[in-house]
Amino acid sequence: MRIADLRAVPISFPVPPEKSVRLGIGRSVKRDSVLVRIETDEGHVGWGEAHHGRCPGAIAKLIDTTMRELVLGFDAHDVAGVWARVYKMQLASHGMGAAAALALSGIDLALWDIKCQATGLPLVQLLGGSPKPIKAYAGGIALGWQDPASLAEEAQSYVSQGYRALKLRMGDTPVRDIARVRAVRKAVGDEIDILTDANTAYTIDDVRRVMPAFEECAVGWLEEPFPPQDRRAYRIAASLGRVPLAAGENHFTRYEFATLLEDGDVQIVQPDLSKTGGVTESMRIAAMASAQKLTVNPHTSATAINMATSIHFLCAVDNPGYFEGDVTALNPFRDQLADKAPYTLDDKGCVRPLAGTGIGLKIDEKFIAEHPLIEGPCYV
Amino acid sequence: MKITAIQAIPLSFRLPEGKTVTMGVGSTTKRDAIIVRVQTDQGITGYGEAHPGRSPGAITSLIHSTIAPMLVGMQATDVVGAWQRVHRMQLSSHGLGAGAALALSGIDMALWDIRGKAAGMPLYELLGGTRRRLPAYAGGIALGYQPKESLADEAQGYMERGYKALKLRLGDSAPVDIERVLHVRKALGDGVDILTDANTAYTMADARRVLPVLADIRAGWLEEPFACNDFASYREAAKITPLVPIAAGENHYTRFEFAQLLEAGAVQVWQPDLSKCGGITEGVRIAAIASAWRIPINPHSSATGLNHAATLHFMAATENSGYFEACVSKFNPFRDMFGGTFEIGRDGCVEPPSGPGLGVEVDESLFEKYPSIDGPGYVVKF
């Protein structure tokens with residue numbers, strides 16, 4: 001079975017100002033995604049999602065030109081072969097680095113989808129796992145910088161929905177960040193896991209200031225205090241307290257995770273299946289982490305495809321951590337891209353993989369046609 | 001002086017039959033380059049070159065849709081500020097990584113060209129150096145896989161033009177590579193520095209076989225035996241022989257990745273490309289890191305005269321600069337379209353151009369001759 005066609009389908013929706021959330025990386029004004037559609041010579045169609053890298057047009061271009069040339073005609077079952085080819089021609093030398101990993105991720109997801117279509121199996125079974133409950137936390141673009149009281153109220157609403165864990169956005173100022181964590185802890189009580197994410201906006205001094213308060217509030221992790229390249233800063237931060245550091249959504253391929261694990265400063269590993277190189281690469285990264293008894297807690301991208309795939313993946317590794325539930329107020333890519341929601345939360349705060357072939361979703365091509373790409377950056 | 005417009009102009013040409021060169025990254029079928037034009041409100045226009053990353057359309061799209069809107073309106077002199085903004089919005093999180101470094105490199109180079117023109121100074125002066133002679137080696141897309149006799153003939157030709165150093169392409173197969181380097185050393189004698197480049201095509205087993213032979217023939221370095229992110233192999237290879245330094249850098253982006261190379265302790269010759277690593281601003285920082293550890297900087301050259309000129313200016317102002325990689329490709333109109341940016345002397349050296357900024361006159365009407373062809377540009381057998 002050969003890859004007969006491959007194309008990028010970049011999609012966008014505008015975020016109206018009243019629904020916009022401010023994070024350490026800026027204020028969201030629209031959301032983008034780059035879907036990948038692959039067709040085989042036997043008529044199977046697979047869909048994948050690539051993260052947009054804040055430049056969906058460039059990723060789409062990379063997929064439609066260079067990746068297409070590299071992958072067309074290849075055995076559609078040979079995900080490892082496709083991976084190796086793109087690695088050699090884009091990731092080893094002369095390529096676009098992280099951008100290539102993003103594009104490859106979408107291609108790899110689509111190829112796994114095709115493998116499922118061809119066999120009629122759910123992804124979790126093809127990957128060697130079985131459906132089971134996976135703990136979820138309330139994440140996505142939510143719980144942003146706001147008044148502590150309204151943040152506590154927002155947090156409370158997710159607890160009422162069933163979530164037993166949630167992630168607050170930090171990276172504002174240490175004083176405000178601490179006030180927010182304290183207010184939420186007070187509101188939700190001791191049974192809820194409070195996670196925090198600075199989206200690379202902290203300095204070492206900021207971590208020095210927030211760490212004692214975060215420890216006192218029993219924060220579950222501090223995610224991405226710094227950009228991924230700041231390895232010395234991670235090393236120092238890891239020595240400043242007992243709240244484990246988390247990172248991975250900006251680490252690409254097993255090679256960057258190898259360095260992360262060797263450094264040993266990050267305890268919570270968060271590959272994004274639509275960024276780090278797809279299902280194939282995330283399985284390898286999970287294996288690397290499992291040898292060190294670390295859990296994988298995949299970062300969630302924008303659409304139902306990534307979400308549903310991540311849950312199947314978590315059920316097929318022996319070190320699953322949390323699934324990042326997307327509680328973003330407005331996200332049609334989660335709600336309307338397919339025939340049903342990518343997951344439902346049960347009363348214990350867990351999710352399960354969808355039944356049916358593949359990831360269990362039927363993609364709505366009409367919705368895709370109605371949401372063409374809006375050029376430009378998505379955070380300002 | 002404010003930035004008013006940033007334009008990416010992708011150019012391509014197909015290689016005529018018989019001019020294709022095969023090396024560790026594949027056989028070239030075309031070459032691409034991205035010219036970046038930055039305009040200011042004071043009428044000064046600067047030019048730079050961004051490497052196409054084997055996907056010129058994607059880099060062009062990135063510059064136009066994402067990076068240009070971030071930088072238009074900023075002070076054209078503030079290269080540090082421009083760098084920080086792109087780092088914040090593309091390199092630190094949620095961005096295209098190396099792709100963003102490529103785009104930034106072209107813009108940064110154009111901003112240096114503008115600053116040089118505004119100051120009426122050639123960049124080697126603005127950067128704090130002087131017009132001095134810089135040793136060069138015969139490189140670029142040349143000296144590729146071929147019978148050892150014709151390889152030695154090709155090498156001999158460069159020596160006759162004045163070159164005292166040249167770079168052979170390895171990564172074909174270990175026995176063939178060994179045969180070629182032994183033959184070229186024998187044919188050319190001891191008066192030439194033989195550098196070697198595997199373009200990431202080696203396995204550790206290949207490195208174990210080839211490195212002792214490279215030590216025997218006193219090769220100047222072995223470049224990129226492995227993929228840029230394969231730190232484990234680089235560390236292991238550095239233990240094989242102390243006599244042949246391992247070189248790398250053309251696929252390492254920003255000072256942060258060079259800091260990691262330093263920490264791994266496995267690469268003794270650094271080769272940042274000013275059209276890839278983040279531009280002149282970042283190249284200067286990388287050179288400073290290297291100089292404190294006595295590591296020489298031997299910049300990798302990209303395709304056009306703009307990159308070549310920028311590299312020469314940068315080297316003339318860098319204390320620890322090593323060789324300039326002179327492009328001796330048989331057919332490279334991108335090198336020649338701005339007039340010659342360097343000329344090899346009998347002493348095997350070159351000099352930076354002397355005009356203000358990059359010192360390169362750009363005739364935009366020439367761009368029409370090289371319309372962009374999208375796609376990777378190398379064909380590889382797997």
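Within every chain, numbering begins at 1; the chains are lettered A, B, ... in the order of the sequence lines, protein sequences first and strands thereafter.
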Is A/Arg232 in contact with chain B via its backbone, its side chain, both, or neither, using a 4.5 Å heavy-atom distance?
neither
When the 4.5 angstrom heavy-atom criterion is applied to B/His64 and chain A, the contacting part is neither
Name all residues meeting the salt bridge (charged side-chain N to carboxylate O under 4.0 Å, His left out) criterion together with B/Arg235; count only those two or more places apart in sequence or in a different chain, and write none if there are none.
A/Glu262
Are the side chains of B/Ser65 and A/Cys55 in contact, using a 4.5 Å heavy-atom criterion?
yes
CZ on B/Arg88 to OG1 on A/Thr200, rounded to 0.5 Å
4.0 Å
Distance in Å, B/His94 NE2 paired with A/Asn250 CG, rounded so as to fall on 0.5 Å steps:
6.5 Å
Below 4.5 Å from any heavy atom of chain B, which atoms of A/Leu62 appear? Answer side chain, backbone, both or neither.
both
Highest number of heavy-atom pairs under 4.5 Å with chain B: which of A/His51, A/Gln90, A/Glu249, A/Lys275?
A/Gln90
Honestly, the part of B/Glu257 sitting under 4.5 Å from a heavy atom of chain A is neither
Check the pair B/Arg255, A/Gln229 against side-chain contact (heavy atoms from CB on, under 4.5 Å), reporting the backbone distance first and the verdict last.
CA-CA 10 Å; B/Arg255 82 200 90 134; A/Gln229 308 88 351; over 6 Å; no
Note: vs chain A, highest number of non-hydrogen pairs under 4.5 angstrom among B/Ala100, B/Gly97, B/Ala68, B/Gly95 is B/Gly95
Proximity breakdown for A/Asp230 and chain B, heavy-atom pairs closer than 4.5 Å
side chain
What I'd like to find out is whether the side chain of A/Pro227 reaches to under 4.5 Å of the side chain of B/His87, using heavy atoms alone.
yes
Has B/Arg54 got a side-chain atom pairing as donor or acceptor with A/Met89's backbone, closer than 3.5 angstrom?
yes
A side-chain contact here means heavy atoms from C-beta on lying under 4.5 Å apart; do B/Ser55 and A/Thr65 qualify?
yes
Atom group of A/Tyr87 that falls short of 4.5 Å from chain B, counting heavy atoms:
side chain
Does B/Asn229 reach the main-chain N or O of A/Glu256 with its side chain, forming a donor-acceptor pair under 3.5 Å?
no
Return the minimal non-hydrogen interatomic distance between A/Ala58 and B/Ser61, and the atom names on each side.
N-OG, 3.1 Å
For the interface with chain A, which of B/Ile63, B/Asn251, B/Leu102 has the highest count of heavy-atom pairs at distances below 4.5 Å?
B/Asn251
Tell me, side chain or backbone of A/Ile59 under 4.5 Å from chain B's heavy atoms, or both, or neither?
side chain
Please test A/Lys61 against B/Asp374 for side-chain contact (heavy atoms from CB on, under 4.5 Å), starting from the C-alpha separation and ending with a verdict.
CA-CA 9 Å; A/Lys61 195 83 179 160; B/Asp374 232 322; 3.1 Å; yes
For A/Glu224 and B/Ser93 the tightest heavy-atom approach is OE1-OG, 4.3 Å
State, to 0.1 Å, how close B/Ser92 and A/Pro228 come at their nearest heavy-atom pair, and which atoms those are.
O-CD, 3.1 Å
Cut-off 4.5 Å, heavy atoms of chain A, and the answer for B/Tyr253 is side chain
Heavy-atom pairs under 4.5 Å with chain B, option from A/Ala92, A/Gly97, A/Ala103, A/Ala100 with the top count
A/Ala92
Side chain / backbone / both / neither for B/Gln260 at chain A, heavy atoms under 4.5 Å
both
Between B/Thr66 (side chain only) and A/Arg54 (backbone N and O only), is there a donor and an acceptor less than 3.5 Å apart?
yes
For the CZ atom on B/Arg14, are there more than 12 heavy atoms of other groups (residues, nucleotides or ligands in this structure) within a distance under 6.0 Å?
no
